[in-house]
Amino acid sequence: MRWTDYYLYTTREVPKDAEVISHQLMIRAGMVKKLAAGIYTYTPFGWRSLTKLSAIVRRELDKVGAMELNMPAIQPAELWQESGRWQKYGKELLRLRDRHDREFCFGPTHEEVITDMVRRDVRSYKQLPINLYQIQVKFRDEVRPRFGLMRGREFLMKDAYSFHASDESLDTTYHLMHDAYCRIFEACQLDYTVVDADSGTIGGASSNEFMVLARTGEDALVRCAESGYAANVEKAEAGELPKPEPGPQGEGDGPQEVSTPGVTSVDEVATFLGVESRQVVKTLIYTSEREELVAVAIRGDREINEVKLANYLDVMHLTLANEEEVQRATGAPVGFAGPVGLSSDLRLIADHSVRDLVRFVCGANRADAHLIGVEWGRDTEPSEWVDLLLVGAGDPCPLSGAPLEQSRGIEVGHIFKLGDKYSEAMGCQFLDEKGRGNPMIMGCYGLGVGRTVAAAIEQGHDDDGIIWPRPLAPFEVLLMSLNPAKEEVRQMADQIYGELQERDIEVLYDDRKERPGVKFKDADLIGIPVRVVIGQKGLAEGKAEISLRRDREKLSVATGDVMTKVMELLAE
RNA sequence: CGGGGCGUAGCUCAGCCUGGUAGAGCGCACGGUUCGGGUCCGUGAGGCCGGAGGUUCAAAUCCUCUCGCCCCGACCA
């Protein structure tokens, strides 16, 4: 492709609304244009990357027996009512009405549609398993789209769904898909890791996320170098935490109330009483869409993992109670809640981190008062013990006990074992060998195509621009004529351009009448892996210059050897 | 949805506080110059100052309301 014929316009200045590097570079390199918040046009140049990734995805999924299909983006409300998600999904679901006032939504995901199709076609265990996928535009009306393609509202996603007669069959496909995903991200030369994940609104039993490691990632994850354990912090568990020393003994046998006027936060309490924050039990009051208050106890130096809590309570939206609710639940203002003497109809859920505390400190459920020397069993007992710990760096690995390392990642893929959540709700059944009807067991497998390309840029760039991993690069070779006004330069560049094309090498030929500086800057910005420069000086000695964007080391090659050298570099 | 910020030329922004004929740089067009890391000089096109209402002799500027966008917290590929 000749640049002078191509639709590629770079910009020198970074647009003010682009925050993260991948977004800035994609806009500067002319790959995407914003149409509205979280909604982008891919230019021919940008689309090439997405197309390349899609091809890799198709190749690897086809290999494991998945079949590509295409489903409608617009979906009738009835299906979503059937699965129960019309109510549950919330505002992220973009709802529409047609001219007859019938309700539809723009699909954020396709469990309902695919389940509807399969339940009509598939009757027998002999037809299972089935694995279907599509690469399609999704729309999720995110409250806050951001970071360009990292979190768009409209985005390109590969979604796959598998149907099985047994859990074992699902396991087999799940592993095949897991491995296919690994091969996809490896093919893209991405530094990624697979973590245990929370399954969120899609639901289901177990799930794994594929995280591309990047400082700008929106997710935090922990890993153990020793055991290989890796999990999203939303899901992560820790081994047994070191036990704190017993707290101070109060006067008498039971807990002792001490006056703590105006002392509310854990740190203040600990300092005021001369104890460690780990010897304090922090009690928080939560509410949810069910409008039922619960008290949650955790060690004073730790945070509650609200995702774990929401899952445990089976609620969607969890919020800390307001002052009035806290007063109602504990009889005290915010800052003095504790597990002792709470009303019996208030659920008290305690994290394991407080289980081993001896003579701990906690709020007295009275204004300006705390208790010291409190013991579980003797003084109070939670209604349930649950793992609610937000795991962080340094916590012991649940498998090896070695300290966990924390890093950030971009979630580029997410695979779930759905079980029968949708097939049960929507009556997607098969007949087994004995002629009995059973709901199919399902798996579901997502991969963010645009996000993966953005993640590749987050990992591959320098101060001057993008450094594409070759499999995702819009072109493999950038051919540049430094002074096309000079006849011999133009002719040689044209000739090499022709030869590259003949060998089906994807070449972008910068034949623009621009000054060398402009061309070099653009070359660095758009980041094509192999660069071939034809300039007058080199040509006088019969030489062209070849370099890789990666290291920019220049190689002087006789013009006759350019093809060989390029092929060699591409073969690496 | 809560908090903060921004809408002026295609892009990045100045002008607004203190109302008085709309500006710069980049980009674009044309001429010249230059020609291995965003040359230099000149000429030119391009804007109902996000929209609506109000105050005023006069509004980009002050007030009200709206719409859009961005950033920070609760959701997800």
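Below, read A as the first sequence line, B as the second, and so on, with proteins coming before strands; counting in each chain starts at 1.
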ask   = Looking across every strand, which nucleic acid part, if any, lies under 4.0 Å from V518(A) by heavy atom: base, sugar-phosphate, or nothing?
value = base
request  = Searching all strands shown, indicate the nucleotide that pairs with C1(B) (Watson-Crick or G-U wobble; both distances under 3.5 Å).
outcome  = G73(B)
ask   = Would you call E13(A)-R28(A) a salt bridge at under 4.0 Å N-O?
value = no
Whole-Å gap separating C1' (A77(B)) and CZ (F185(A)) = 9 Å
task = Please measure how far the C1' atom in G4(B) lies from the corresponding atom in C48(B), and state the result in whole Å.
result = 31 Å
ask   = Reckon V14(A) touches a base, only the sugar-phosphate, or nothing at all at heavy-atom distances under 4.0 Å?
value = sugar-phosphate
Nearest-nucleotide pick for F416(A), side chain only, options being G36(B), A77(B), G27(B) = A77(B)
query = Phosphate oxygens OP1/OP2 of C70(B): is one of them under 4.0 Å from a side-chain N or O of K34(A)?
reply = yes
task = Using a strict 4.0 Å threshold on nitrogen-to-oxygen distance, state whether R12(A) and D522(A) make a salt bridge.
result = no
ask   = Donor-acceptor pair under 3.5 Å: do we get one between E514(A)'s side chain and the base of G37(B)?
value = no
inquiry  = Can you tell me if R144(A) touches the phosphate of C69(B), counting only side-chain N or O atoms and a distance under 4.0 Å to OP1 or OP2?
reply    = no
task = Nearest whole angstrom, please: distance from the C1' of G5(B) to the CD of E19(A).
result = 12 Å
request  = Pick the P atom in G20(B) and in C13(B), then give their distance to the nearest Å.
outcome  = 24 Å
Within the 6.0 Å centroid threshold, strictly below: F185(A) and F210(A) = yes
ask   = Over how many whole Å does the gap from R28(A) atom CZ to G27(B) atom P extend?
value = 13 Å
request  = Write down the distance separating the P atoms in C30(B) and G38(B), rounded off to the nearest Å.
outcome  = 24 Å
inquiry  = Over all strands shown, is G148(A) touching base, sugar-phosphate only, or nothing at heavy-atom distances under 4.0 angstrom?
reply    = nothing
inquiry  = Looking at R531(A) and G37(B), is any side-chain donor or acceptor paired with a base atom of the opposite kind under 3.5 Å?
reply    = yes
message = For the P atoms, the ones on C71(B) and on U61(B), what distance do you get once it is rounded to whole angstrom?
response = 27 Å
ask   = What is the distance from CD of E306(A) to P of C75(B), rounded to the nearest Å?
value = 8 Å
ask   = Can you tell me how far P in G10(B) sits from the matching atom in A45(B), rounded to whole Å?
value = 15 Å
message = If you compare every side-chain N and O of R451(A) against the phosphate oxygens of C76(B) (OP1, OP2), does one of them come in below 4.0 Å?
response = no
query = What distance, rounded to whole Å, do you find between the two C1' atoms, one in C70(B) and one in C28(B)?
reply = 28 Å
E68(A) with R58(A): basic N within carboxylate O range, under 4.0 Å = yes
D462(A) bridged to R552(A) by N-O distance under 4.0 Å = yes
query = What does G413(A) touch in the nucleic acid at a heavy-atom separation under 4.0 angstrom: a base, only the sugar-phosphate, or nothing?
reply = sugar-phosphate
inquiry  = For the base of A77(B) and the side-chain ring of F155(A), does the geometry meet a stacking cutoff of under 5.5 Å between centres and under 30° between planes?
reply    = yes
request  = Decide whether a cation-pi geometry holds between R95(A) and W80(A); the criteria are a distance under 6.0 Å from NZ or CZ to the six-membered ring centre and an angle within 45° of the ring axis.
outcome  = no
ask   = In whole Å, what separates the P atom of G50(B) from that of C72(B)?
value = 25 Å
query = When all nucleic acid strands are considered with a 4.0 Å heavy-atom cut-off, which category describes D159(A): base, sugar-phosphate, or nothing?
reply = nothing
key: Integer-rounded Å distance: C75(B) P and R153(A) CZ   = 19 Å
request  = Determine the interatomic distance between P on G46(B) and the same-named atom on A24(B); round to the nearest Å.
outcome  = 14 Å
query = Quick one: does R151(A) reach the base of C75(B) with a side-chain donor-acceptor pair under 3.5 Å?
reply = yes
inquiry  = What is the distance, to the nearest angstrom, from the NZ atom on K521(A) to the C1' atom on C35(B)?
reply    = 17 Å
remark   = Result for side-chain contact (heavy atoms from CB on, under 4.5 Å) between R531(A) and one of L548(A), D524(A), L479(A), V477(A) points to D524(A)
ask   = Phosphate oxygens OP1/OP2 of G38(B): is one of them under 4.0 Å from a side-chain N or O of R515(A)?
value = no
